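Remember, it's a predicted structure, so these values are computed and weren't measured experimentally.
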Amino acid sequence: MKKLLLLPAIAAVIMSSCAGNPEGKKAEVQDSVATEQIATPAGHVYQVDVAQSKVVWTGTKVTGAHTGTIAIKSGTLSVDNGVLTGGTFALDLNTISSTDLEGEYKEKLDGHLKAADFFDVAKFPEATFVITKAEAGATPQDVKVSGNLTIKGVTKNISFDTKVVESTATTIKTEADFNIVRADWGVSYEGKKDDLISAEINFKVSLVATK
């Protein structure tokens with residue numbers, strides 16, 4: 001009988017000690033940063049339209065999840081005969097904003113995300129991504145992108161799947177959906193003892209670039 005009474009307590013401890021990661025395929029992380037690139041990619045350069053482009057983030061915890069946005073500050077994509085060949089973009093981390101909360105709760109979460117144990121935006125106001133390789137995928141629209149992601153002064157080369165949803169003489173639109181392990185970039189806050197947060201963060205990146 002005592003064992004049966006202990007089961008709920010044991011389950012509670014287990015639940016409070018872990019949090020499932022958000023949906024999304026984890027990006028591959030290389031042990032070293034790719035330095036061989038940065039010859040100019042082939043093709044024409046398109047300017048990222050920051051008003052039409054967006055980054056949506058999702059983080060989970062034992063008791064639920066939060067989602068929000070980060071503004072894209074600037075960027076370019078290179079295209080050769082309709083094929084994505086390179087690019088770069090920068091994020092303004094001062095714009096991190098939760099979209100699932102309002103009022104006092106939103107202000108508290110947004111403030112914490114900008115604090116030193118999360119993204120430390122006072123010291124590192126910008127995150128950047130520079131494509132080092134773009135390889136053909138299963139279809140003409142699919143591209144495996146590798147690039148150097150810099151957050152909090154830490155740079156790692158990651159690879160993830162990207163889809164080119166539109167490519168014309170004047171416009172290219174791409175979409176990517178991937179997870180990163182936040183501790184790899186020094187985002188180390190674990191959450192409350194009874195409500196730990198996930199090891200991974202999901203990013204959905206939609207870029208629109210025009211000539």
Side-chain angles (χ1 to χ4, degrees), residues 15 17-30 48 50 52-73 75 77 84 87-102 105-106 108-115 117-121 124 126-131 134 137 141-152 154-165 173-192 195-208:
M15 286 298 294
S17 64
C18 61
N21 292 312
E23 291 186 10
K25 182 180 178 181
K26 186 167 70 172
E28 300 171 20
V29 180
Q30 307 302 318
V48 170
V50 298
Q52 295 190 68
S53 303
K54 64 180 180 178
V55 173
V56 176
W57 57 266
T58 300
T60 54
K61 56 183 182 177
V62 172
T63 59
H66 292 296
T67 189
T69 58
I70 308 172
I72 296 173
K73 185 176 180 180
L77 293 177
L84 179 68
T88 180
F89 63 88
L91 304 180
D92 181 359
L93 294 183
N94 281 293
T95 67
I96 293 174
S97 176
S98 53
T99 55
D100 62 309
L101 297 174
E102 295 180 350
Y105 295 104
K106 172 180 170 60
K108 285 183 177 180
L109 178 58
D110 291 357
H112 195 186
L113 292 172
K114 297 174 184 178
D117 55 1
F118 263 99
F119 292 101
D120 197 1
V121 301
F124 304 102
E126 186 176 279
T128 60
F129 182 74
V130 180
I131 294 176
Q141 289 74 41
D142 293 318
V143 183
K144 183 174 182 179
V145 168
S146 299
N148 294 334
L149 175 63
T150 301
I151 302 173
K152 294 185 74 171
V154 177
T155 302
K156 292 183 179 290
N157 190 265
I158 66 172
S159 301
F160 54 86
D161 297 327
T162 296
K163 187 171 287 291
V164 178
V165 295
K173 298 180 181 179
T174 67
E175 294 180 352
D177 182 346
F178 60 92
N179 290 9
I180 63 168
V181 178
R182 56 191 176 83
D184 287 346
W185 284 266
V187 183
S188 57
Y189 180 69
E190 295 183 352
K192 297 178 181 179
D195 197 11
L196 299 180
I197 60 177
S198 56
E200 297 178 12
I201 305 172
N202 174 260
F203 291 108
K204 292 179 174 61
V205 182
S206 301
L207 298 179
V208 178

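Lys114 is linked by a salt bridge (Lys or Arg N to Asp or Glu O under 4.0 Å) to nothing, counting only residues two or more places apart in sequence or in another chain. Shown here are the ring-ring contact (aromatic ring centres under 6.0 Å, His included) partners of Phe89, two or more places apart in sequence or in another chain: Phe129. Here Thr67 pairs with Val56, Thr58, Thr99, Asp100 under the side chain to side chain contact (heavy atoms under 4.5 Å, CB included) rule; sequence neighbours left out. Legend: residues meeting salt bridge (Lys or Arg N to Asp or Glu O under 4.0 Å) with Asp161, ordered by chain and number and at least two apart, are Lys25. For Lys204, the salt bridge (Lys or Arg N to Asp or Glu O under 4.0 Å) partners at least two apart in sequence or on another chain are Asp177. Every residue two or more places apart in sequence or in another chain was checked for a side chain to side chain contact (heavy atoms under 4.5 Å, CB included) with Glu23, and none qualifies. Partners of Lys152 under the side chain to side chain contact (heavy atoms under 4.5 Å, CB included) rule, at least two apart in sequence or in another chain, are Asp120, Phe124, Val187. Looking at residues two or more places apart in sequence or on another chain, you find a ring-ring contact (aromatic ring centres under 6.0 Å, His included) between Phe118 and His112, Tyr189. Under the side chain to side chain contact (heavy atoms under 4.5 Å, CB included) criterion, Ala90 pairs with Lys73, Ser74, Glu126, Thr128, not counting sequence neighbours. Judged as a ring-ring contact (aromatic ring centres under 6.0 Å, His included), and not counting sequence neighbours, Tyr105 has no contacts. The side-chain hydrogen bond (donor to acceptor under 3.5 Å, both in side chains) test applied to Thr155 returns Thr150, not counting sequence neighbours.
Between Thr95 and Ala71, the shortest heavy-atom distance links the atoms OG1-N, 2.8 Å. Summarising the geometry of Ala65 relative to Thr60, their closest heavy-atom pair is CB-CG2, 3.8 Å, with the distance given to 0.1 Å.
A distance of 11.0 Å separates CD1 of Ile70 from CG of Asn94, quoted to the nearest 0.5 Å. Atom CG of Leu207 and atom CD of Gln52 lie 11.5 Å apart (nearest 0.5 Å). With rounding to the nearest 0.5 Å, the separation of CD1 in Ile201 from CG in Asn179 is 9.0 Å. Expressed to the nearest 0.5 Å, how far CD1 of Ile131 lies from OG1 of Thr162 amounts to 7.0 Å. In this structure, CD on Gln141 lies 6.5 Å from NZ on Lys163, to the nearest 0.5 angstrom.
Side-chain N or O atoms of Trp185 include one that pairs as donor or acceptor with a backbone N or O of Leu149 at under 3.5 Å. Side-chain N or O atoms of Asn21 include one that pairs as donor or acceptor with a backbone N or O of Glu200 at under 3.5 Å. Under the 3.5 Å distance criterion, the side-chain polar atoms of Ser146 are left unmatched by any main-chain donor or acceptor of Ser159. Of the possible donor and acceptor atoms, one in the side chain of Asp110 sits under 3.5 Å from a partner among the backbone N and O of Ser98.
For residues 179-189, no residue pair satisfies the salt bridge (Lys or Arg N to Asp or Glu O under 4.0 Å) rule, not counting sequence neighbours.
Between Leu91 and Ile72 there is a side-chain heavy-atom pair separated by less than 4.5 Å. Side-chain contact check for Phe160 versus Ile180: every heavy-atom pair is 4.5 Å or farther apart. No side-chain heavy atom of Thr69 sits less than 4.5 Å from a side-chain heavy atom of Lys54. Between Ser97 and Lys106, the closest side-chain pair of non-hydrogen atoms falls below 4.5 Å.
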- request: Applying side chain to side chain contact (heavy atoms under 4.5 Å, CB included), run through Val181 and Val29 and close with a yes or a no.
  value: CA-CA 9 Å; Val181 178; Val29 180; over 6 Å; no
task: Please lay out, stage by stage, how Val145 and Leu84 fare under the test side chain to side chain contact (heavy atoms under 4.5 Å, CB included).
output: CA-CA 9 Å; Val145 168; Leu84 179 68; 4.2 Å; yes
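Within a 6.0 Å radius of CD in Glu190, other residues, nucleotides and ligands contribute 12 heavy atoms or fewer.
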